[in-house]
Protein chains: 2
Amino acid sequence: MLGFEHHDHHSCIRSGVAAAEAHCMAEGLQFTPVRRRVLEILLERHAALGAYDILDVLRDEGLGSQPPVAYRALDFLVSNGFAHKIERLNAFVACTHMGEDHNPAFLICRDCDAVAETQADTARGALAKAAGSTGFRVERLVVEAVGLCPRCQQVTPA
Amino acid sequence: MLGFEHHDHHSCIRSGVAAAEAHCMAEGLQFTPVRRRVLEILLERHAALGAYDILDVLRDEGLGSQPPVAYRALDFLVSNGFAHKIERLNAFVACTHMGEDHNPAFLICRDCDAVAETQADTARGALAKAAGSTGFRVERLVVEAVGLCPRCQQVTPA
DNA sequence: TGCGATTTGTTATAGTATAACATATCATCA
DNA sequence: TGATGATATGTTATACTATAACAAATCGCA
């Protein structure tokens with residue numbers, strides 16, 4: 001997983017964009033300037049960004065000025081697994097497992113909004129058992145842990 | 001857990017309200033008319049209800065007409081564990097484990113918005129491991145499975 | 001009874017998201 | 001290569017979700 005620790009930001013942006021581009025190429029999807037830029041913005045910050053935060057950046061750069069521009073790009077990224085929506089925050093993050101088929105789970109810092117993506121074990125566990133026993137068919141699983149990241153535990157103890 | 005199966009609705013509303021009332025009594029909390037009524041409304045439907053849906057009912061009954069009335073009652077219910085917020089739907093449901101200390105997980109039908117509450121196993125699993133290894137301190141866990149309930153699988157196959 | 005704390009009423013506004021339709025661009029194949 | 005159907009963007013308008021701020025009422029208790 002990509003945690004809260006330091007990492008090479010430049011290469012992580014580059015490789016994220018490259019992975020998305022490759023995937024679009026392979027699938028015949030259009031990786032347009034707005035879509036690419038929104039993904040870059042999400043990769044640049046490693047925190048959850050609201051649609052309107054993203055729109056502000058786009059507007060500054062002349063790439064679009066109305067909400068639907070941001071929402072459409074985000075829909076595209078989410079639909080294709082390049083980004084995820086954090087329901088708890090009404091915000092979005094770049095995916096850190098580009099390409100891999102995965103069931104994301106998130107660690108969300110309530111102080112700084114940093115988000116780390118990890119894996120949820122979907123098949124096992126009480127939830128799967130409950131779903132099975134009631135006949136509920138799970139299609140998508142949202143797992144979001146809210147708490148304090150290591151850094152903010154220093155600053156905001158207890 | 002409370003599943004999607006049939007159950008005695010009347011007794012389930014009565015016992016839910018009674019449990020909340022007892023808890024408030026014990027804790028010295030005020031179980032006011034609006035708060036009681038909102039809990040009843042949530043118990044009556046076994047689906048996720050938006051704050052404004054609830055407000056509509058309150059308004060019809062002369063119990064309040066402005067959003068803060070509904071939101072404040074919901075905040076109270078959620079804070080005290082009588083109800084839960086479904087982040088995925090921006091909506092609320094009555095708790096079906098009144099009183100017990102629990103980590104709720106939800107099965108949400110994307111067709112009819114019915115919600116079943118069950119338990120998440122928080123301590124074990126990949127998530128807990130990931131949190132532990134990064135030093136992230138989990139305070140609250142949101143687990144929401146989106147899919148089709150048994151009934152809607154009949155109506156809306158595959 | 002009076003005082004502080006809690007709850008409710010109300011106005012206003014902030015923040016999140018999408019419908020609908022016009023225009024432009026792309027992708028392809030005749 | 002130029003027509004055409006599909007996809008993407010631009011734009012206006014509006015719907016939905018949520019909270020700030022302050023006044024008025026009510027409650028709990030000394």
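Since the structure is predicted, the reported quantities are computational estimates derived from the model, not experimental observations.
- One finds no side-chain N or O of B/Thr32 lying less than 4.0 angstrom from the OP1 or OP2 phosphate oxygen of D/dT26.
- Counting to the nearest Å, the C1' atom of C/dA17 and the CD atom of A/Glu87 are 13 Å from each other.
- Counting to the nearest Å, the P atom of C/dA17 and the CG atom of A/Leu74 are 9 Å from each other.
- With respect to B/Arg35 and B/Glu40, no salt bridge is recorded, no charged nitrogen being found less than 4.0 Å from a carboxylate O.
- The list of ring pair (Phe, Tyr, Trp, His ring centres under 6.0 Å) pairs with a residue in residues 20-42 of chain B, not counting sequence neighbours, reads B/His23-B/Phe82.
- One can place CD of A/Glu27 at 20 Å from P of D/dA6, the figure rounded to the nearest angstrom.
- Spacing between atom CD of B/Gln66 and atom C1' of C/dT13 amounts to 13 Å, rounded to whole angstrom units.
- A/Val57 has its side chain out of reach of A/Leu49: every pair of non-hydrogen atoms, C-beta onward, lies at least 4.5 Å apart.
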Item checked: B/S/- contact track for nucleotides 17-24 of chain D, protein heavy atom under 4.0 Å -> BBBBB---
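- In this structure, A/Phe106 has its ring center closer than 6.0 angstrom to the ring center of A/His84.
- No hydrogens or angles considered: nothing links the side chains of A/Gln119 and A/His102 as a donor-acceptor pair under 3.5 Å.
- Minimum atom distance to the side chain of A/Gln30 is reached by C/dC26, of the listed D/dT9, C/dT6, C/dC26.
- When heavy atoms are screened at a 4.0 angstrom cut-off, B/Leu29 is found touching no nucleic acid atom at all.
- One can place CD1 of A/Ile86 at 20 Å from P of C/dG15, the figure rounded to the nearest angstrom.
- Ion pairing of A/Asp75 with A/Arg72 is absent here, as no side-chain N (NZ or NE/NH1/NH2) approaches a carboxylate O to less than 4.0 Å.
- Look at CZ on B/Arg36: it is 16 Å from C1' on C/dT7, rounded to the nearest Å.
- Straight-line distance from the CZ atom of A/Phe31 to the C1' atom of D/dT7: 17 Å, rounded to whole Å.
- Between B/Leu55 atom CG and C/dT8 atom C1' the separation is 14 Å, expressed in whole Å.
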Side-chain donor-acceptor distances from residues 11-21 of chain B under 3.5 Å, at least two apart:
unit_1  : atom_1 : unit_2  : atom_2 : d
B/Ser11 : OG     : B/Asp8  : O      : 3.4
B/Ser15 : OG     : B/Ser11 : O      : 3.2
B/Ser15 : OG     : B/Cys12 : O      : 3.4
B/Glu21 : OE1    : B/Arg36 : NH2    : 3.4
B/Glu21 : OE2    : B/Arg36 : NH2    : 2.7

